[in-house]
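One is the number of the first residue; the rest follow in order along the sequence. Predicted model, so just to flag it, every value in this text is computed and none were measured.
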Amino acid sequence: MKKIKSIIAYICIICFSLVLLSSCKDSESNVTKENVPQAAMGRYVEKYIEELSSEDGGMVAYTAVRNDGTIEFYKYYSEENVTRVYSTADGINFERKDAEPWYKKILNMGNYQITKIDYDSEGNIYVLIFENETESSLFNKIFKVTSDNEIHEIDMEWRETDVEDLKVYITDMTVTAEGELMINQSLRGILHYTDEGKYLGQYGSSSDGIYTVSDDYIYNFDARQLKINVYNIETHEMTREIPLDEITGEIPRGEMILGLKLSPGKDGSIYITDRSGVYKIVKDGVILEKIIDGELTSLGIPSLHFSAILEGINGELYIPYSDREQNTSVAKYEFDENVSTLPSMELTVYTLDENNTLRQTAGELQNKYPDFKVNVRVGMDGDTSITKTDAIKQLNGELLGGKGPDLILLDGLSVESYIQKGVLADLSDIVNAYMKDEKLLSAVINTYANDGKYPVIPTKFHMPLIWIDEEYKDYMKNLDTLIEFVQEKNDKPVFGYFEPADLITTFSYACFPEWINEGKEINRQELTKFLQNMKVLYDNRGDFTGSDGKAFAWAFNKTYGCYSILKGYQSYVIENLAQDKRQGGIPLFLPGQVEKSFVPVNCIGVNNNSSNIDISKEFVSLMLSEAVQKAPINDGFPVNLDALEYGALGTGNENMYYMVSGPGEETLEGVPPSREKLEVIKELCYKVENPSVPDEVLIEIIIENSKEYFEGAITVEDAVEKIKEKSKLYLSE
């Protein structure tokens, strides 16, 4: 099984997603639709199908569409070790039956897993299987089941790769009406075979893997140029290109590419599904029609993995969803002409940068209040003409004018300035409701609290940590003891190679609060001490380059330790693999000038001038809920204690395996952190005490004006004086 997991990891090193469709503490918002003008009507409405949820213990494993339009959902029940089929011909009624005899017969023919089922126009069934624990590097077979239930293995003319463990590894299969096979083979791309297994040709490049077949055409997604190439199956010639630039919306391009699905529709049409929504292209067309808005449906929830859309016989649409724990559900989308095209009310949430917790919360709120559209407004949305300064000026202008968004994510903004200007509403009622049951991590929640008021609530946090052998833990109490260790242990570097900028930035998370006096002036003594210590670290660095070089250097015993800003349980991957490789080492708080520091993130505030105060507060409450907080979107540790405890269980890690290449020839591979290791991280979370939010502008000033000191050209006193002068005007503003 380890070999199989390695192969899966080779194809996709880290692939996970999670959905949680429960809601938080339920306080109904006083939302009305009075005086709302009549809107355009008609849109697809999302509704989950009860029979296809995982609540009965069954998991939708795969789907198939028969030639008469009947859609079949194969649902596997692990405890009973049986598969049942839920089928619908009319989109209304679902018939449940046991899988047909051929299904079990194929499984009993070997150590097989069925990974795809498809039909041709004659009703013949094609079954793609994956073989477990095989000594061969050929992991796949394809069987054909005829109408008389005869099972035949197709003798495939496989096109082997040069990679020993991946000579033939098939990730998808589609059958044309005539029974020809379109295969997605890892490292080979999309290959075309006859129904007897004869190789006919290839479409696109060897790296292409997202495709669909509709009528006589194959549609192949070109991720490099963000377009779809359309090929005629008969001639193998490309007939047209379909550009996809317009479908990304506010979804980051990288995420769009990873999540994009193609699927066939009726009359030669196709559907494109990604986080931003569902698009339809008619046969021979190049124009995309957006028919479902992802922000109004579960597509916009980052923790959900979605499969390709299926079109029912009456035009209804289905999307299967799954989470990291392999819970599955299927949503049905039907067009309702009596529902407004867009929700009649809108809630606007502002953030400088794209943020998954906001998207997760927006999806939860959208499910609860379909008449509200949550508009996540990204200040730095990828438009290179808009600088951070410009974005902040625009936001401030709106707020000073008594307008602006309903909610503001204050990460990257001057939180204290917004608090002092009184533009943020008090959120103490939300905090108090949770804290009655001691549901929140108080050290983090209280970061910006003052006299019992909470103008800003951090909903997640990061931890700067160090990994080192337990025998050296007494040296890791603070920055002074760390420097003692560096000077004593000079047989090898304490850490891997870093530029001064990296050292200053990382260690600022454990030191920054000491550099600024209450009068908003540089603390000359503390900053001097910090720079001197960073110089010692820099002078004793190791020559190990690469973004993950510090962990790899430690893993292969070239350094005494490594350090990192841990952003959640899921970010504890490379350090965990390094621990396993070394067979030792423990995580501790990064030694600094501040003890047990943490970085508050996802800091949310509500605009005092919002006309949607009630629903805005409910949004904040949802951000703090277990449903949102335990979603593995890896942008911080939860402040919700139930979610913090849940994350330490490592649920969903059971079948994962990582293989990561380092800056040199070394690789690290293995399973995710054990529960015992996650428990250690969790206990550190409970011990955080002091918030540290380094000012980006000031950090840049320090980096720029200390360069000559690290090069040995000026004294540390000269460097601090330059920093003090350069920062004087900025700190006074």
Kindly indicate whether the side chain of Val376, heavy atoms from C-beta on, has any atom under 4.5 Å from the side chain of Arg359.
yes

If we ignore angles and hydrogens, is there a donor and acceptor under 3.5 Å between the side chains of Arg96 and Ser87?
no

Side chains of Asp216 and Asn232: is there a donor and an acceptor less than 3.5 Å apart?
no

Do Ser205 and Ser207 have side-chain N/O donor and acceptor atoms under 3.5 Å apart?
yes

Any carboxylate oxygen within less than 4.0 angstrom of a Lys/Arg side-chain nitrogen, looking at Glu72 and Arg66?
yes

Do Asn396 and Tyr418 meet the criterion of a side-chain donor-acceptor pair at a distance under 3.5 Å?
yes

To check you understand the geometry: which heavy-atom pair defines the closest contact between Gln629 and Asn640, and what is its length?
OE1-N, 3.0 Å

Lys/Arg N to Asp/Glu carboxylate O, Lys373 vs Asp293, below 4.0 Å:
yes

Working for side-chain contact (heavy atoms from CB on, under 4.5 Å), residues Ile183 and Thr174:
CA-CA 7 Å; Ile183 301 293; Thr174 299; over 6 Å; no

On a heavy-atom basis, which atom in Tyr350 and which in Pro405 lie closest, and how many Å separate them?
CB-CG, 3.5 Å

Which heavy atom of Thr357 sits nearest a heavy atom of Lys460, and at what distance?
OG1-NZ, 3.0 Å

So which pairs with a foot in residues 613-638 pass ring-ring contact (aromatic ring centres under 6.0 Å, His included), sequence neighbours left out?
Phe461-Phe637, Tyr569-Phe637

Residue pair Ser298 / Tyr48, side-chain donor-acceptor N/O under 3.5 Å:
yes

Should we say atom NZ of Lys283 is surrounded by more than 12 heavy atoms from elsewhere, each under 6.0 Å from it?
yes

Quick one: does any side-chain atom of Asn612 pair with a main-chain N or O of Ser616 as donor and acceptor, under 3.5 Å?
no

Does either side chain, that of Asp208 or that of Asn220, offer a donor lying less than 3.5 Å from an acceptor on the other one?
yes

Ion pair check, Asp635 and Lys567, cut-off under 4.0 Å
no

Lys227 with Glu241: basic N within carboxylate O range, under 4.0 Å:
yes

Please answer whether the main-chain N or O of Lys403 pairs with a side-chain N or O of Glu398 as donor and acceptor at a distance below 3.5 Å.
no

Contact summary for Ala64 and Tyr119, nearest pair of heavy atoms
CB-CE1, 3.6 Å

Is any side-chain heavy atom of Leu299 less than 4.5 Å from a side-chain heavy atom of Phe306?
yes

Without hydrogens or angle criteria, can the side chains of Thr70 and Asp68 be said to hold a donor-acceptor pair below 3.5 Å?
yes

Between the side chains of Glu51 and Lys75, is the shortest nitrogen-to-carboxylate-oxygen separation below 4.0 Å, so that they form an ion pair?
no

Is Glu295 paired with Arg377 through a side-chain N to carboxylate O contact shorter than 4.0 Å?
no

Between Glu337 and Arg43, is there a side-chain N and carboxylate O pair less than 4.0 Å apart?
no

